[in-house]
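First comes the structure, then the notes that go with it.
Numbering of residues begins at 1 and proceeds along the displayed sequence.
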Amino acid sequence: MALWPFGIALTSWHYMWRTTPMHRSEEPGSDADRPPPLPEGLRHDELQPPEQGVGPLFHRRYSGRIREPRLGPEELIDVVGRDPNCASPTEFAHFRKVGPSEGKLRQNDELIVRMPGPWDGPVRVAEVTPTSFRLVTLAGHLEAGQIQFSARREDGELWFRIESWARSGDRLSNLLYDHLRMAKEVQLHMWSSFLERVADLAGDGLGGGLEIRTHRLDDFGATP
């Protein structure tokens, strides 16, 4: 647990100096907030799905409009997928591919996400499309669920979104995330920083700030 104060200190410093407007909301969820089905062809060994997690399920969406884009959606996803560290704030998260480190992401590739805490975050690539890639958590991850990175054009503008469906991986993670809110704030600023860096990579930063929408589903274990 020794690294958690370091992670919180970094978050506090980053928050003080953040200039991008953030529009945050948290609302009760519904069955529409349940994770998407896993695609065919995905290996299921060592998966850590939400059913194995603890506490409420959080469906969270971080999205932003990129000003004066220099890349299209397909180009942007290709660049970020080849090397997530090109946008990742490495003081919060550093991605390391297990196996060959070059080339496009492919289904069943695995990565380790190093985070400022006592755990690494092993993930597997569930799905890759021209404009998105989706990861699923593996045993030992802080969370149990999925996260997707996607880009799209809408009314001639380029948008980038990070969307996750996850519960805490165990009771300690749930305590830090949902009760003490320590991990929640670290995660918030980690993905916000990621999106800001994507906007700088693909264009002239974010236009209109960050939209962060959270739906909380407390009865995830109930039959839909």
Side-chain angles (χ1 to χ4, degrees), residues 33-53 57-64 66 71-90 92-117 119-153 158-170 173 183 186-187 190-199 201-202:
D33 295 297
R34 292 175 180 270
L38 297 175
E40 293 185 5
L42 175 67
R43 285 174 38 215
H44 282 229
D45 58 295
E46 298 187 347
L47 289 190
Q48 185 166 276
E51 291 78 8
Q52 296 179 8
L57 178 117
F58 291 93
H59 178 199
R60 177 163 286 133
R61 288 164 288 194
Y62 305 79
S63 59
I66 299 173
L71 302 175
E74 295 85 357
E75 296 172 292
L76 178 53
I77 288 298
D78 182 62
V79 169
V80 176
R82 285 177 182 272
D83 180 17
N85 292 313
C86 71
S88 180
T90 52
F92 289 119
H94 184 275
F95 290 77
R96 179 173 63 83
K97 196 172 182 180
V98 178
S101 59
E102 297 182 357
K104 293 184 176 183
L105 283 180
R106 293 177 173 81
Q107 187 182 51
N108 292 316
D109 282 350
E110 294 186 5
L111 302 94
I112 300 292
V113 186
R114 300 297 306 271
M115 296 177 286
W119 304 276
D120 289 337
V123 295
R124 180 174 295 152
V125 179
E127 184 177 44
V128 180
T129 77
T131 57
S132 70
F133 61 90
R134 181 161 38 124
L135 309 175
V136 293
T137 55
L138 299 179
H141 198 288
L142 274 170
E143 294 187 307
Q146 306 180 37
I147 186 167
Q148 180 170 276
F149 303 79
S150 63
R152 73 184 192 280
R153 283 203 182 276
L158 179 63
W159 289 76
F160 191 84
R161 172 182 283 183
I162 302 169
E163 185 169 13
S164 64
W165 304 262
R167 302 170 79 192
S168 296
D170 55 32
S173 301
V186 171
Q187 183 188 69
M190 179 177 76
W191 292 128
S192 297
S193 298
F194 192 105
L195 207 155
E196 287 176 324
R197 293 181 185 215
V198 165
L201 175 70

Practice problem: Verify, without hydrogens or angle tests, whether Arg167 (side chain) and Pro50 (backbone) share a donor-acceptor contact under 3.5 angstrom. | Solution: yes
Quiz prompt | Gap between atom OG1 of Thr137 and atom CD of Gln48 - 0.5 Å precision | solution = 5.0 Å
Quiz item: Taking only residues two or more places apart in sequence, or in another chain, which ones meet Asp33 in a salt bridge (Lys or Arg N to Asp or Glu O under 4.0 Å)?
Solution: none
Quiz item: After noting the C-alpha distance and the side-chain angles of Leu42 and Gln107, does the key distance pass the side chain to side chain contact (heavy atoms under 4.5 Å, CB included) rule?
Solution: CA-CA 7 Å; Leu42 175 67; Gln107 187 182 51; 4.1 Å; yes
Quiz item: Does Arg152 have any salt bridge (Lys or Arg N to Asp or Glu O under 4.0 Å) partners at least two apart in sequence or in another chain, and if so, which?
Solution: Glu154
Quiz item: Hey, does Ile147 have a side-chain heavy atom less than 4.5 Å from the side chain of Val123?
Solution: no
Quiz item: Is the Tyr62-Phe194 ring centre distance short of 6.0 angstrom?
Solution: no
Quiz item: Which atom names give the shortest non-hydrogen contact between Ala93 and Asn85, and what distance separates them?
Solution: O-OD1, 4.3 Å
Quiz item: Mind checking what makes ring-ring contact (aromatic ring centres under 6.0 Å, His included) contact with Phe95, not counting sequence neighbours?
Solution: none
Practice problem: Starting from the C-alpha separation in whole Å, work towards a yes-or-no answer on side chain to side chain contact (heavy atoms under 4.5 Å, CB included) for Val98 and Leu111. | Solution: CA-CA 5 Å; Val98 178; Leu111 302 94; 5.8 Å; no
Quiz item: If you look at every heavy atom in Leu76 and Ala202, which pair is closest and at what distance?
Solution: CD1-CB, 3.8 Å
Practice problem: Quick one: sort the Trp191 and Phe149 rings into parallel, tilted or perpendicular, breaks at 30° and 60°. | Solution: perpendicular
Exercise. Report the residues that fulfil salt bridge (Lys or Arg N to Asp or Glu O under 4.0 Å) with Glu110, sequence neighbours left out, ordered by chain and then residue number.
Key: Arg43, Arg124
Quiz item: Would Glu163 and His59 satisfy side chain to side chain contact (heavy atoms under 4.5 Å, CB included), going step by step from the backbone distance to the final call?
Solution: CA-CA 7 Å; Glu163 185 169 13; His59 178 199; 2.6 Å; yes
Exercise. Nearest 0.5 Å please: distance from the CG atom of Leu158 over to the CG atom of Leu71.
Key: 8.0 Å
Quiz item: Going from CD1 on Ile112 to NE2 on His94, what distance comes out if it is rounded to the nearest 0.5 angstrom?
Solution: 12.5 Å
Quiz item: Who pairs with Arg153 by salt bridge (Lys or Arg N to Asp or Glu O under 4.0 Å), at least two apart in sequence or on another chain?
Solution: none
For residues 126-135, tabulate all N or O donor-acceptor pairs below 3.5 Å that involve a side-chain atom, not counting sequence neighbours.
{"unit_1": "Glu127", "atom_1": "OE1", "unit_2": "Arg134", "atom_2": "NH2", "d": "2.7"}
{"unit_1": "Thr129", "atom_1": "OG1", "unit_2": "Thr131", "atom_2": "N", "d": "3.2"}
{"unit_1": "Thr129", "atom_1": "OG1", "unit_2": "Ser132", "atom_2": "N", "d": "3.1"}
{"unit_1": "Thr129", "atom_1": "OG1", "unit_2": "Ser132", "atom_2": "OG", "d": "2.7"}
{"unit_1": "Arg134", "atom_1": "NH1", "unit_2": "Pro37", "atom_2": "O", "d": "3.3"}
{"unit_1": "Arg134", "atom_1": "NH1", "unit_2": "Gln146", "atom_2": "OE1", "d": "2.6"}

Self-check item: Validation row: Ser63, Arg61 side chains within 4.5 angstrom (heavy atoms)
Solution: no
Quiz item: Is the count of non-hydrogen atoms from other residues, nucleotides or ligands lying under 6.0 Å from Glu46 atom CD greater than 12?
Solution: no
Exercise. Enter the distance from Asp78:CG to Asp83:CG here, rounded to the nearest 0.5 Å.
Key: 11.5 Å
Quiz item: What is the distance from atom OG of Ser164 to atom CD of Gln148, rounded to the nearest 0.5 Å?
Solution: 10.5 Å
Exercise. Using the side chain to side chain contact (heavy atoms under 4.5 Å, CB included) rule, take Leu138 and Leu47 through it: C-alpha gap first, then chi angles, then the decisive distance, then the call.
Key: CA-CA 4 Å; Leu138 299 179; Leu47 289 190; 3.7 Å; yes
Exercise. Could you point out which residue of Cys86, Ser192, Pro89, Ser88 forms a side chain to side chain contact (heavy atoms under 4.5 Å, CB included) with Arg197?
Key: Pro89
Practice problem: Kindly indicate whether the side chain of Leu105, heavy atoms from C-beta on, has any atom under 4.5 Å from the side chain of Pro84. | Solution: no
